[in-house]
Student: 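Quick one: structure below, then a few questions.
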Number of protein chains: 2
Amino acid sequence: MSQCIATYRIHDDHADFRKKAESIAVGMTVGSWTELPQAKRESLKKHLGEVYAVEIHESQDGQPGGRYADIRIAYPDINFSRDIPALLVTVFGKISMDGRIKLMSLNLSDDFLTGFPGPKFGIEGVRQQLGVFDRPLLMSIFKSVIGLNADELREQFIRQARGGVDLIKDDEILFENELTPIATRVKLCMQAAAETELETGKKLLYAANLTGRTSGLREQALRAIDAGANALLFNVLSYGYDVLQELSSDPEISVPIAAHPALAGALYPSPHYGIAAPVLLGQLMRLAGADLVLFPSPYGSVTMPRDENLAIRDELHKADMGVKRSMPVPSAGIHPGLVPKIIRDFGLDVVVNAGGGIHGHPMGTEAGGRAFVQAIQAAIDRTPLTDYAAAHPELKAALELWGGEA
Amino acid sequence: MSQCIATYRIHDDHADFRKKAESIAVGMTVGSWTELPQAKRESLKKHLGEVYAVEIHESQDGQPGGRYADIRIAYPDINFSRDIPALLVTVFGKISMDGRIKLMSLNLSDDFLTGFPGPKFGIEGVRQQLGVFDRPLLMSIFKSVIGLNADELREQFIRQARGGVDLIKDDEILFENELTPIATRVKLCMQAAAETELETGKKLLYAANLTGRTSGLREQALRAIDAGANALLFNVLSYGYDVLQELSSDPEISVPIAAHPALAGALYPSPHYGIAAPVLLGQLMRLAGADLVLFPSPYGSVTMPRDENLAIRDELHKADMGVKRSMPVPSAGIHPGLVPKIIRDFGLDVVVNAGGGIHGHPMGTEAGGRAFVQAIQAAIDRTPLTDYAAAHPELKAALELWGGEA
């Protein structure tokens, strides 16, 4: 019998965790069990949830709040349809409201996974778009774009492109507006990208932010693609994973999609409630078809613990999901000095993504991009950044401002 | 200048909360300010967020974790489009990941609210559908329906209907399945409802659960309505508020929609993270067009503090939102003895909603419904339940099992 297994962490100083596990297994599936007649049990057995494991951790120091259990429940696939809303309602719908309970992980069955085409491009596809196969990619973020007119936007785009980045993404808070509506800004940015490519010889993906009403997203994406867009940015959690899946699996939406983690902090950071980051920003984003996934890095100002970051990486990179792999994009607080650490943590299949670390460079945005290009080159050559910086003033200035390798 | 105001609660033992507030106001809007030239400031002023208030609460006992501030930031409406995804990304996108921060409330401008038609029926519309104007409505929940065949489902429906309930809702974990696909179960339930109405003289709304892929929801709703559905149930948070709004504002979806709170527990209960229940399950559900909104009651097993419940009620009931009012449906752990308390807390514009409190009645499901009908009658007559129970054996049995008024 094919099943998906959910692991919950439940904090409770007094609960009978085994009883609790049984009540979840029954309550979230057939509703009642022990009181059923034998014949009914026979017919319902294939729908009944199953307690897979109960691992109780007693409070180390006897302090209240320290006792918890990791409880694993198997849900028969026959109970729910092959979509993320059905999965989430099944494994964490009602039960999310019942005490201090956090959804820690999901083991999805091969059968369930058949419902998901996954990323259209994935790591290899994005690399092919760019013609870059042997190093981390470099992404730059538009900054302070609200209120910019088309000329100002173009100017900022060119400064970023000249720095040598591979991808430029919209600010996620840039919605449809009179000054720079999506088709306008895509046209002018792609035009600028083409001009810059003549100078630098580098291809560039520009991820335009899809916004507005759900029913308009597809048409907006097609308009952006018509205007030349070669990537899209999407605030997945404000719409729902299934909306991302609709977009990513649409045959006409023929460009990579980058998933932004806006709102994710409402769900993952509490130890007691919510959905763990590797599920929220790893597994489900990839399942829904994100080619690139942004999440808070463990290095910067908006942080996430390193082990959670690496668990997100594993969900995006691992081979056994039956869908293409997604590019991890650890973000926030990234400066050139962190590049060796990023590669150590994520390998080469990672996007080095910077906003302030590029625009805030003392020699300007263009130099900011170059400092990252230099740091990446040094790191893959296994040359210490400080050595490489001796002949590269942009990297040198960056290291002086933000520090180097730890 | 029209603005929407967000209130955050930020826990931090050491932060300079005024500086933090400034950094949110600037960082979530124009990106930078103090370093801008004067001319640029002039042109960007209308986009700049504004610190409305900073209310600091020092830790009472000096304990770590006790210090927090309530910070109010005004976001110019000009920055974002008139949809809930844009609102949420603007006020709680990136900032949700920046430390212990919870979104407590939203004051939405009249201008922003013009984008939202709100509930199609609302409290008055739902009452008109039922012809019931002077008392709380009574809803009953299908129980243990996974694995039931059409005959068993019909039988359970009839038992609930004969008990005298006004609404019957699907179990939220019932997805499309071979035994009881939506059109089949709507047909058989509405047929059963018509038959029961001949006996009881009571109209009945049956809320069929909309499930599956986002792009199929509209068609599924229309199929259900074609089959006779006179209400729908929707797991809003697994799809996103905007998907509810698409459904509720669709002219062809001509029946009330009940919003289920599945997954809400991942977002509201933490004191440090997430989105407060009155926003999550009150304001935004109503704005997105839910005619009825289910949420955990303060009375039962799956609980929510009473003040949060009453704040949800206020968001659903209050007059100044420019859209129809929504019916609050406090749920979980409801039994007949609680009816006077529910009316005291919510007034008459409330749905008394029971699952176990109906199906678990010692005299059976039908009697379970009757016990509630009796309790509601007693409460609006201001007759003590125990007095009324003397001549009403179903209520008497319920009070004996579950207890009476506090």
Side-chain angles (χ1 to χ4, degrees), chain A residues 28-32 43-44 46-47 79-81 83-86 88-90 92-98 100-101 103 143-147 171-173 175-176 211-215 235 238-240 242-243 245-246 260-267 269-270 272-275 296 301-302 304, chain B residues 28-32 43-44 46-47 79-81 83-86 88-90 92-98 100-101 103 143-147 171-173 175-176 211-215 235 238-240 242-243 245-246 260-267 269-270 272-275 296 301-302 304:
Chain A
M28 298 289 280
T29 58
V30 297
S32 52
S43 78
L44 285 185
K46 65 180 177 214
H47 298 283
N79 289 358
F80 51 100
S81 44
D83 54 85
I84 295 177
L88 289 177
V89 169
T90 296
F92 208 45
K94 201 163 50 184
I95 199 70
S96 73
M97 294 176 277
D98 192 12
R100 297 205 288 176
I101 180 168
L103 178 62
K143 276 283 161 185
S144 310
V145 294
I146 286 185
D171 197 340
E172 81 280 359
I173 55 170
F175 303 99
E176 281 307 272
T211 65
R213 302 298 310 279
T214 305
S215 59
N235 288 309
S238 64
Y239 289 95
D242 193 64
V243 176
Q245 192 181 333
E246 302 270 14
H260 195 278
L263 286 179
L267 286 151
S270 166
H272 300 128
Y273 302 100
I275 300 176
S301 50
V302 176
M304 184 190 288
Chain B
M28 299 288 281
T29 57
V30 296
S32 52
S43 78
L44 285 184
K46 65 181 177 210
H47 298 283
N79 289 357
F80 51 99
S81 44
D83 54 86
I84 295 178
L88 289 177
V89 169
T90 296
F92 208 46
K94 201 162 50 183
I95 200 71
S96 74
M97 295 175 277
D98 193 11
R100 296 204 288 176
I101 180 168
L103 177 63
K143 276 284 161 185
S144 308
V145 294
I146 285 185
D171 197 339
E172 80 280 359
I173 54 169
F175 302 98
E176 281 308 272
T211 65
R213 302 297 310 278
T214 305
S215 58
N235 288 309
S238 63
Y239 289 94
D242 192 64
V243 177
Q245 192 182 333
E246 301 270 14
H260 195 278
L263 287 180
L267 286 151
S270 167
H272 300 127
Y273 301 100
I275 300 176
S301 50
V302 176
M304 185 191 287

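The basis for the numbers below is simple: all heavy atoms, side chains too, and nothing from hydrogens, waters or symmetry mates. Chain A is the first sequence line, chain B the second, and so forth, proteins listed ahead of strands; every chain is numbered from 1.
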Student: With chain A as the partner, which of B:L263, B:L88, B:I101 has the greatest number of non-hydrogen pairs under 4.5 Å?
Tutor: B:L263
Student: Could you have a look at A:G240, A:A266, A:G212 and say which one has the most heavy-atom pairs with chain B under 4.5 angstrom?
Tutor: A:A266
Student: Looking at B:I95, B:T29, B:L103, which one has more heavy-atom pairs under 4.5 Å with chain A than the rest?
Tutor: B:T29
Student: Could you pull out the closest heavy-atom pair between A:V243 and B:Y239, with the gap in Å?
Tutor: CG2-O, 4.5 Å
Student: Grab the two heavy atoms, one from B:G31 and one from A:S144, that are nearest each other, plus how far apart they are.
Tutor: CA-OG, 3.5 Å
Student: For B:S32, is it the side chain, the backbone, both, or neither that has a heavy atom closer than 4.5 Å to a heavy atom of chain A?
Tutor: both
Student: Below 4.5 Å, heavy atoms only, C-beta onward: do B:T90 and A:F175 meet side chain to side chain?
Tutor: yes
Student: Identify which of B:R100, B:K143, B:E172 forms the greatest number of heavy-atom pairs closer than 4.5 Å to chain A.
Tutor: B:E172
Student: Among the options B:A264, B:P261, B:P269, pick out the one with the most heavy-atom pairs lying under 4.5 Å from chain A.
Tutor: B:P269
Student: Given heavy-atom pairs under 4.5 angstrom as the criterion, report whether the side chain, backbone, both or neither of B:L44 touches chain A.
Tutor: side chain
Student: Between B:M97 and A:P296, which heavy-atom pair has the shortest distance, and what is it?
Tutor: SD-CG, 3.4 Å
Student: Can you list the residues that meet the side chain to side chain donor-acceptor pair (under 3.5 Å) rule with B:N79, with sequence neighbours excluded?
Tutor: B:H47
Student: Using every non-hydrogen atom in the two residues, find where A:S215 and B:E246 come nearest and quote the distance to one decimal.
Tutor: N-OE2, 2.5 Å
Student: Do you know which of B:E176, B:Q245, B:H272 has the most heavy-atom pairs with chain A at a distance under 4.5 angstrom?
Tutor: B:Q245
Student: Given the options A:S43, A:S238, A:S81, which has more heavy-atom pairs under 4.5 Å with chain B than any of the others?
Tutor: A:S238
Student: What residues form a salt bridge (Lys or Arg N to Asp or Glu O under 4.0 Å) with A:D242, not counting sequence neighbours?
Tutor: B:R213
Student: I need the A:I146 CD1 to B:M28 CE distance, nearest 0.5 Å.
Tutor: 9.5 Å
Student: Check whether B:T214 gets within reach of chain A through its side chain, its backbone, both or neither, counting any heavy atom under 4.5 Å.
Tutor: both
